[in-house]
Amino acid sequence: MATRQDNTISNIKTLNYDAVIVGGGGSGMRASLHLAEAGMKVAVLTKVFPTRSHTVAAQGGIGASLGNMSNDNWHFHFYDTVKGSDWLGDQDAIEYMCREAPKVVYELEHMGMPFDRNEDGTIYQRPFGGHTSNYGEKAVQRACAAADRTGHALLHTLYQKNLQQGTEFFIEWIALDLIKDDAGNINGVIAIEQETGTVAVFQSPITVLATGGAGRIFAASTNAYINTGDGIGMAVRAGIPLQDMEFWQFHPTGVHGAGVLLTEGCRGEGAILRNKDGEAFMERYAPTVKDLAPRDLVSRSMDQEIKEGRGCGPNADHIVMDMTHLGVETIMKRLPSVFEIGKNFANVDITKEPIPVIPTIHYMMGGIPTTIHGQVIVPDLEAGTDEDGLYAKGNVIKGLYAIGECACVSVHGANRLGTNSLLDLLVFGRAAGKHIVDEFHHADHNYKPLDPRVLDYTVSRLDKLQQSTSGYNAQDVADEIRATMQTHASVFRTQAMMDEGVAKILALGDKIDQIHLADKSQVFNTARIEAFEVANLYEVAKATMISAAQRHESRGAHSVSDYDRPEDDAYAPNGRNDNDWMKHTLWYSEGNKIIHKPVRKVPLTVDYIEPKVRVY
Ligand SMILES: Cc1cc2nc3c(=O)[nH]c(=O)nc-3n(C[C@H](O)[C@H](O)[C@H](O)COP(=O)(O)OP(=O)(O)OC[C@H]3O[C@@H](n4cnc5c(N)ncnc54)[C@H](O)[C@@H]3O)c2cc1C
């Protein structure tokens with residue numbers, strides 16, 4: 001392969017694959033496994049060793065209505081997810097996910113995933129926020145768990161199965177851009193190897209983006225440092241709009257000051273949030289499920305307690321989570337990592353004292369719009385709008401799929417329920433795999449050489465950095481992005497704050513164009529990678545800020561104090577406005593254009609769940 005030093009377009013080596021998957025996390029490896037099992041030649045590119053992808057940090061569990069420990073079925077799971085999404089999720093996709101859930105969990109069990117077990121040998125399930133039995137009556141045990149290391153067990157299981165099936169891993173290879181031809185089809189990716197600075201083309205009729213979240217656009221985050229939204233940036237640069245980016249989930253229990261996550265499984269096992277008076281305040285905000293209310297509601301309640309002067313600590317700036325009553329045995333059996341995190345990041349022995357927590361950014365509900373088969377789909381702008389002014393028709397982008405946290409199917413709508421992300425990775429990783437295998441059998445398998453022009457754009461990005469003599473440091477600009485997002489796209493938003501945030505983010509555009517790479521070396525140059533990452537962070541931040549400023553209601557995680565309940569809308573608690581806003585947002589980078597499209601209201605086999613007041 002050619003190295004950057006002698007790089008001309010004709011020197012860049014091309015590797016051909018039946019499918020190229022960017023991302024070796026839970027979603028990427030679930031899809032690659034399906035393809036490798038079907039005999040396809042599959043490349044998985046990943047920034048880090050696959051089992052270090054952020055999925056490894058998932059603690060709490062995978063949602064599936066196995067009903068091992070309480071009365072449950074997929075209809076209840078479907079209802080909870082629709083309600084949790086504040087009716088912004090597409091009900092066909094949610095139905096598909098909840099129906100498939102038990103199957104994907106049993107598949108994992110048969111692959112050898114070491115789930116915790118009940119006495120009778122069935123998979124252990126714990127309660128989780130927003131998951132209920134009998135349509136909201138009481139909390140249900142639905143989260144299939146391997147202690148508080150579920151993601152770790154999942155990722156190792158999938159990695160081993162992939163090795164068995166011959167998936168080829170390209171580790172520490174960083175994808176830079178999608179390769180788009182004149183017809184708008186995607187033909188693979190161009191990528192750089194961190195170790196050597198080598199650039200190569202991975203040509204393929206199928207490209208799957210599985211690059212995970214982008215929580216690093218915020219200053220305080222539970223996300224890994226690698227979660228910089230690279231797949232999102234790649235899609236945006238290929239002209240693809242992003243869906244529902246205003247919706248970012250704050251997890252109620254990040255360790256105060258450190259940001260490290262303490263799983264919702266803590267509250268699943270019985271932990272209680274308390275204010276400075278020791279009051280279990282969630283009883284006031286969610287009388288039925290209390291501490292097991294969904295994350296948007298719990299985060300807002302915590303913020304409210306702090307705002308009203310009932311925060312803990314000398315600065316009254318956090319809440320505490322109390323697990324002292326659970327007993328040492330339960331904590332060491334069910335929450336051993338949480339015990340370690342308490343010791344190492346908060347200097348607290350959770351068996352003896354409560355631990356300081358604060359809502360911390362955790363999950364991106366929006367992303368690259370897809371069908372339930374993972375195909376990337378964009379509205380057909382030429383086909384025009386219907387009588388409501390909405391774009392109803394979509395075009396599938398040939399050769400491109402997106403799965404996992406970087407995709408928006410959309411099953412999480414305005415607020416994701418805990419455990420539904422690991423489930424999303426498995427269900428839609430597998431669904432995309434199935435669709436790709438079907439397509440592959442009908443495809444033309446002769447690779448035609450790429451027109452070298454398709455590489456011009458990325459090579460010019462590489463050269464611009466390499467030849468830079470002055471400009472801005474990538475990490476300084478990334479810090480400015482993070483500070484802006486932290487202040488202007490927070491748990492509670494106001495229109496003025498968001499408008500100011502848009503102006504501040506747009507003003508950073510010049511700096512992004514003038515990033516200076518001081519270290520020009522080829523071997524393991526992490527500064528070069530960071531310079532590419534900041535361009536991706538910027539696209540995610542712009543999409544978030546602009547989409548947020550243009551949604552004039554409160555829904556799920558997007559809580560804007562300016563928008564009161566419209567008087568003519570009986571279903572609008574806390575400013576949700578179903579008359580005007582049962583719509584997805586789509587943001588286009590070009591011209592920062594926003595359009596809206598209708599929420600898909602038709603489930604596959606059951607009745608539509610009508611919107612109602614979302615109380616717990
Ligand atoms: C601390 C924490 C705990 C969580 N706990 C739970 C839980 O208990 N239950 C639940 O349902 N959800 C949980 N979540 C959410 C869930 O874990 C994530 O949404 C999910 O794991 C994301 O998986 P993914 O496959 O989309 O991406 P990831 O697992 O993040 O993997 C992304 C992959 O893409 C690769 N990549 C990225 N950019 C590039 C590039 N440019 N080139 C090449 N490769 C690239 C990375 O190397 C990586 O392999 C948790 C999240 C966090 C942060």
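The first residue in the sequence is number 1, and the count goes up from there. Counting starts at 1 for both ligands and their atoms, following the listed order. Keep in mind that the numbers below use all heavy atoms, side chains included, and drop hydrogens, waters and symmetry copies.
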With a 4.0 Å cut-off on heavy atoms, is [X] touching ligand 1?
X	answer
Gly151	no
Thr150	no
His362	yes
His412	no
Trp173	yes
Gly26	yes

For [X] and [Y], does a side-chain donor sit closer than 3.5 Å to a side-chain acceptor?
X	Y	answer
Asp148	Thr263	no
Gln194	Arg528	no
Ser53	Thr55	no

Where ligand 1 meets Gly25 - atom numbers and elements under 4.0 angstrom, heavy-atom basis =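 It comes down to these atoms of ligand 1: 25 (O), 29 (O), 31 (O), 33 (C), 49 (O).
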key: Protein contact to atom 27 (O) of ligand 1 [nearest heavy atom, distance to 0.1 Å]   =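 Answer, as residue, atom name and distance: Gly212 CA, 3.2 Å.
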key: Asn16: side chain to side chain contact (heavy atoms under 4.5 Å, CB included) partners, not counting sequence neighbours   =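 Side chain to side chain contact (heavy atoms under 4.5 Å, CB included) check on Asn16 returns Thr14, Gln203, Tyr447.
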request  = May I have all residue pairs that pass ring-ring contact (aromatic ring centres under 6.0 Å, His included) and include part of residues 186-211, sequence neighbours excluded?
outcome  =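 Listed once each, the pairs are Phe170-Phe202, Trp173-Phe202.
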inquiry  = Heavy atom to atom 46 (C) of ligand 1, shortest distance: which of Ile403, Asp424, Thr46 holds it?
reply    =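 Answer by nearest heavy atom: Thr46.
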